[in-house]
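To start, the structure under review is shown below, and the notes come after it.
Both counts, for ligands and for their atoms, begin at 1 and track the order of listing.
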Amino acid sequence: MSGTCIIGLQWGDEAKGKLVDLLTQKHDIVARFLGGANAGHTVVDGDNVYKLHHIPSGILRPEVMNVVTAGVVINPPVILEEIDGLKSRGIPVKNMLLSDRAHIIFPWHFAEDRAMNQSTNDGEDIGTTLRGIGPCYRDKVGRSFAIRLGDLVRPGLKEKIEMIVEVKNRTIQSLMNGGTFEPLDAQKIFEEYSVYADRLKEYVVDSTDYLLNAVDEGKSILFEGAQGALLDVDHGTYPFVTSSNSSGVGAAAGSGVPAKVADTLIGVIKAYSTRVGGGPFQTELFDETGEKIRKRGHEFGTTTGRPRRCGWFDAVAVRYTARLSGADVLSLMMLDVLSTFDELKICVAYDLNGERITHFPSHVDDLRNIKPIYETLPGWEEEITEVRSLEDLPQNARNYLDRISELVGKEIGVVSVGPDRKQTMFTGSLAHFSDVNP
Ligand code: GDP
Ligand code: IMO
Ligand code: MG
């Protein structure tokens, strides 16, 4: 096996971090290929809980190299905080490399994110994480005002910052719509970022070259996605998306490694749906059922602490993102959260202006208009967090899994019944991973 790719198939927070941490045992390298500090990936090892934003979720295992690739946008103070936090807990962070091609987030990106959070659609807030992600990717594509990690650790940084600050002070002021904005101080930013550069330079490499050599040497790579496929800038619920390709199609572009290297793509799903921020969410629940899911699943953002919007599983959306991402197999997480519900609903089709459709609409107007058509399945009473074998799940839980698999058109190879490493069951084509359990 040469590679595995892990992609969230909903709106993020599908528990990708947990799965990456487990599967690193079977790989030489973990490569994170997109996003930045908008992501929050949780790894639970017994009583220890780690929340990672940039650093790949393989960092807890010293034998695995963790690579932050070209497609990631790095916020230096946040990644340094992550490094310091891990070191203070006995994780040495010697096994990490940062791409010199990764773009850097600067204070002007935060100011722009605050000023431009609204979409062009009815002024509804995108509800970004306000981490400067969109503005940094915009500058990357625009090229004129971008600084990469490779630039940060080379001469000429001061002049670049001065030139950019001069323009950004004018543009941000004009975006403020009468509001006040404290102009950015180029000298201060240069001094602050020089300190960051000094601390980060030991990790900086040409990650594309590193990974391509690793492929030649037959090493196995685990590609770690962030966000979820419905937040993909091209194929998601635009404009309520993030600013990079967060579905499977983004793995090759972000990492610089050809897509065919990952011979298994695992699509990660929750047993229900959640979304943070604005935008259409067809199966959202506004009643006590939604509140119960939020409470049982502790559905509050890892990065921003915002309550996550909760709803039923949407098989139409996941069937779309599984096909879009090239998922071979599904990893179904948080099944334990659905215990004690009398009945469970799965969205099997949409009603769009009186017509039954089973494809995922491309335009936000249609996404706002569709009404979910549900199928209802009986729930189960028992808590299942101690279950370690699929045969021991209540029959109704097994029926629920089977129906999701059938509707999405993919096999389920992992079932997770709690945050801990040991609360994980591997089956079918992923049964060979069973021995990763601690
Ligand atoms: P990610 O962004 O996809 O890595 O997911 P997050 O870490 O943001 O959110 C997933 C949350 O669910 C974390 O708090 C995990 O510890 C937790 N978690 C993971 N798997 C399970 C599970 O099977 N059941 C429950 N109840 N919690 C889980
Ligand atoms: P992980 O990797 C959930 C959402 C934001 C917002 C939209 C755009 O932990 O699954 P951005 O700051 O990226 O410009 O915000 O995308 N979003 C996420 N939601 N999990 C994430 O990451 C997310 N990263 C971004 O809430 O709606
Ligand atoms: Mg998360």
Side-chain angles (χ1 to χ4, degrees), residues 6-22 32-45 48-54 56-57 72-73 75 105 109-110 112-114 116-117 119 124-138 224-233 236-244 246 268-272 274-281 293 295-306 308-309 331-339 383-385 387 414-425:
I6 293 186
I7 298 287
L9 295 185
Q10 293 156 313
W11 282 286
D13 305 323
E14 299 91 349
K16 300 174 290 293
K18 166 176 168 164
L19 191 67
V20 172
D21 163 66
L22 275 170
R32 166 81 182 270
F33 59 84
L34 80 155
N38 50 350
H41 297 176
T42 313
V43 178
V44 178
D45 175 18
N48 292 314
V49 179
Y50 301 90
K51 306 228 174 250
L52 301 163
H53 303 289
H54 303 84
S57 305
V72 175
V73 288
N75 184 354
I105 297 200
H109 294 130
F110 290 94
E112 288 172 346
D113 211 354
R114 282 193 299 273
M116 298 177 73
N117 202 344
S119 75
E124 181 184 350
D125 271 6
I126 296 172
T128 75
T129 57
L130 296 176
R131 298 297 190 270
I133 304 292
C136 184
Y137 277 114
R138 185 166 56 226
E224 176 174 0
Q227 289 81 55
L230 293 169
L231 292 171
D232 187 289
V233 66
T237 54
Y238 193 87
F240 299 95
V241 291
T242 191
S243 302
S244 56
S246 50
V268 189
I269 53 176
K270 288 184 184 188
Y272 46 93
T274 63
R275 174 164 206 170
V276 203
F281 177 6
I293 293 176
K295 273 219 181 88
R296 286 186 56 86
H298 306 288
E299 292 293 359
F300 295 88
T302 309
T303 295
T304 58
R306 289 179 288 178
R308 293 177 183 147
R309 301 157 64 190
S331 176
L332 188 138
M333 319 302 277
M334 337 278 275
L335 186 63
D336 55 300
V337 174
L338 294 187
S339 288
E383 294 292 352
I384 56 173
T385 52
V387 172
V414 184
V415 176
S416 172
V417 292
D420 200 81
R421 287 170 171 172
K422 59 180 184 292
Q423 292 171 300
T424 321
M425 293 170 271

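The backbone of Trp11, and not its side chain, has at least one atom closer than 4.0 Å to an atom of ligand 2 (non-hydrogen atoms only; backbone = N, CA, C, O). Proximity of His41 to ligand 2, defined as any heavy-atom pair under 4.0 Å, is confined to the side chain (atoms from C-beta onward). At a heavy-atom cutoff of 4.0 Å, ligand 2 is contacted by the backbone of Val241 but not by its side chain. Looking at Lys16 against ligand 2, only its side chain comes within 4.0 Å, counting heavy atoms.
Protein heavy atom at the shortest distance from atom 28 (C) of ligand 1 is Met334 SD, 3.3 Å. Counting protein heavy atoms only, atom 5 (C) of ligand 2 is closest to Gly127 O, 3.7 Å. Ranking the protein heavy atoms by distance from atom 19 (C) of ligand 1 puts Ala15 CB, 3.4 Å first. Of the protein's non-hydrogen atoms, the one nearest atom 12 (O) of ligand 2 is Thr129 OG1, 2.5 Å. When only non-hydrogen protein atoms are considered, atom 15 (C) of ligand 1 lies nearest to Thr42 CB, 4.0 Å.
Close to ligand 1: Gly40, with a non-hydrogen atom less than 4.0 angstrom away. Not a single heavy atom of Arg275 sits under 4.0 Å from any atom of ligand 2. No heavy atom of Gly228 sits closer than 4.0 Å to any atom of ligand 2. Look at Glu224 and you'll find every heavy atom at least 4.0 Å from all atoms of ligand 1.
Among the atoms of Gly40, an N, O or S atom is found under 2.8 Å from the Mg ion (ligand 3).
In terms of modelled atom types and a separation under 3.5 Å, the side chain of Lys18 and the main chain of Gly418 share a donor-acceptor contact. Using modelled atom types, one side-chain atom of Glu14 and one backbone atom of Gln10 make a donor-acceptor pair closer than 3.5 Å.
Any N or O atom pair closer than 3.5 Å counts here, and Gly418 shares at least one such pair with ligand 1. Considering backbone and side-chain N/O of Asp113, none are found under 3.5 Å from N/O of ligand 2.
Remark: among candidates Leu231, Val276, Ile126, the nearest residue to atom 18 (C) of ligand 2 is Leu231, based on non-hydrogen atoms.
Interface atoms of ligand 1 facing Val337, defined by a heavy-atom separation under 4.0 Å, are 26 (N). Taking every heavy atom of Val44 and a limit of under 4.0 angstrom, the matching atoms of ligand 1 come to 16 (O). The atoms of ligand 2 that sit less than 4.0 Å from any heavy atom of Gly277 are 27 (O).
Shortest distance from the Mg ion (ligand 3) to Asp13 is reached at OD1 (N/O/S atoms only).
The two residues Arg275 and Leu231 have their closest heavy-atom pair at NH2-CD2, 3.9 Å.
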